[in-house]
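Notes for the one structure printed next.
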There are 2 protein chains.
Amino acid sequence: MAAAILHHPAVEDLRLEGVLHALSDPIRLQMVRELARRDEPCACGTIDVPVSKSTRTHHWRVLREAGVIRQVESGTAKLTELRREDLDARFPGLLDVVLREEPASTAASLRA
Amino acid sequence: MAAAILHHPAVEDLRLEGVLHALSDPIRLQMVRELARRDEPCACGTIDVPVSKSTRTHHWRVLREAGVIRQVESGTAKLTELRREDLDARFPGLLDVVLREEPASTAASLRA
DNA sequence: GATGTTGTTCGACGAGCGTCGTCCTACACT
DNA sequence: AGTGTAGGACGACGCTCGTCGAACAACATC
């Protein structure tokens, strides 16, 4: 791993399409929500999703390159966290929408 | 066209992933923004985007099936409008984020 | 009825995405 | 040193997506 420089887009380079696309996958949405729930940098391996290890790596990269998360290496682990401030600065309200949506709750309450 | 019944998902059936995916394409984003600017049902042919006619039809269908727009036939034309209230009810703030983003403005102002 | 306008349908094509398994690298710990 | 652990790199596979042109359908208008 050799402390490779991980590519993170600058705040002003965040593209709305990219962020929306990154968030439009169920697995990635799950990852982001779990990340938000913890509210502190954590090893990405500790967030489990029903896909293989390499697929997980792929999703983390998509999220990182879209600017949704930030990752820093720490030993063998890779600490991952949401870029809350950056996202809020660039697309105010977007993260709130995504995180407010409880998986299979709002729909049910609307139906009732 | 024979007054075919156009499929529109009910409010409670709107899925966040679907809406995000529908909005993650530059062309569709452009369509939605123009639709919002006009703020009234208008023939979808009057909104021009740099793609062919059939591609346009494709994009309108994606937006409709995701629940972003509503279309009703009127003669040979097809009146199209944003489902503002439905989107605001289901995903409060999302539409605001998408519409606030002026293409190539916020980034520039942040850079300055 | 002939022509024009609006929009759809139907393949087709290339690119990208999500997924996987396997191998590899780097650090940690005994 | 040897073993374990966290994660990446690579190649492959099938599917979906965005795109197009050509042909078609329905209505309007002359």
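Just so you know, these numbers use all the heavy atoms, side chains as well, and skip hydrogens, waters and symmetry mates. All chains are named by letter (A, B, ...) in the order of the sequence lines, taking the proteins before the strands, and each is independently numbered beginning at 1.
Rounded to whole Å, atom P of C:dT8 lies 8 Å from atom CZ of B:Arg61. Residue B:Leu6 contributes atom CG, which lies 14 Å from atom C1' of D:dA26 at whole-angstrom precision. The interatomic distance linking A:Arg56 (CZ) with D:dG7 (C1') rounds to 10 Å, in whole Å. Residue B:Lys78 contributes atom NZ, which lies 16 Å from atom P of D:dA25 at whole-angstrom precision. Atom CD in B:Glu73 sits roughly 16 Å away from atom P in D:dA25 (whole-Å rounding). For B:Leu79 and D:dC27, the CG to C1' distance is 14 Å, given to the nearest whole Å. Taking atom CD on B:Glu17 and atom P on D:dT16, their separation rounds to 16 Å, with Å as the unit. Look at CD on B:Glu65: it is 10 Å from P on D:dC17, rounded to the nearest Å.
No side-chain donor from either of A:Thr57 and A:Ser54 sits under 3.5 Å from a side-chain acceptor of the other. Between the side chains of B:Arg38 and B:Thr46, at least one donor N or O lies within less than 3.5 Å of an accepting N or O. A donor atom on one side chain and an acceptor atom on the other are found under 3.5 Å apart for A:Thr80 and A:Gln71.
Remark: B:Arg70 engages B:Glu85 in a salt bridge, criterion side-chain N to carboxylate O under 4.0 Å.
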Could you list, one pair per line, each protein nitrogen or oxygen that sits under 3.5 Å from a nitrogen or oxygen of nucleotides 17-20 of chain C, together with the distance?
residue, atom, partner, partner atom, Å
C:dG18, OP1, A:Arg28, NH1, 3.2
C:dG18, OP1, A:Arg28, NH2, 2.8
C:dG18, OP2, A:Arg28, NH1, 3.2
C:dG18, OP2, A:His58, NE2, 3.0
C:dT19, OP2, A:His59, NE2, 2.4
C:dC20, OP2, A:Ser52, N, 2.7
C:dC20, OP2, A:Ser52, OG, 3.3
C:dC20, OP2, A:Thr55, OG1, 3.0

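Of the possible polar contacts, one joining the B:Arg33 side chain to the B:Val98 backbone as a donor-acceptor pair under 3.5 Å is found.
Across all non-hydrogen atoms, the minimal contact from A:Arg56 to A:Val51 is NH2-O, 3.5 Å.
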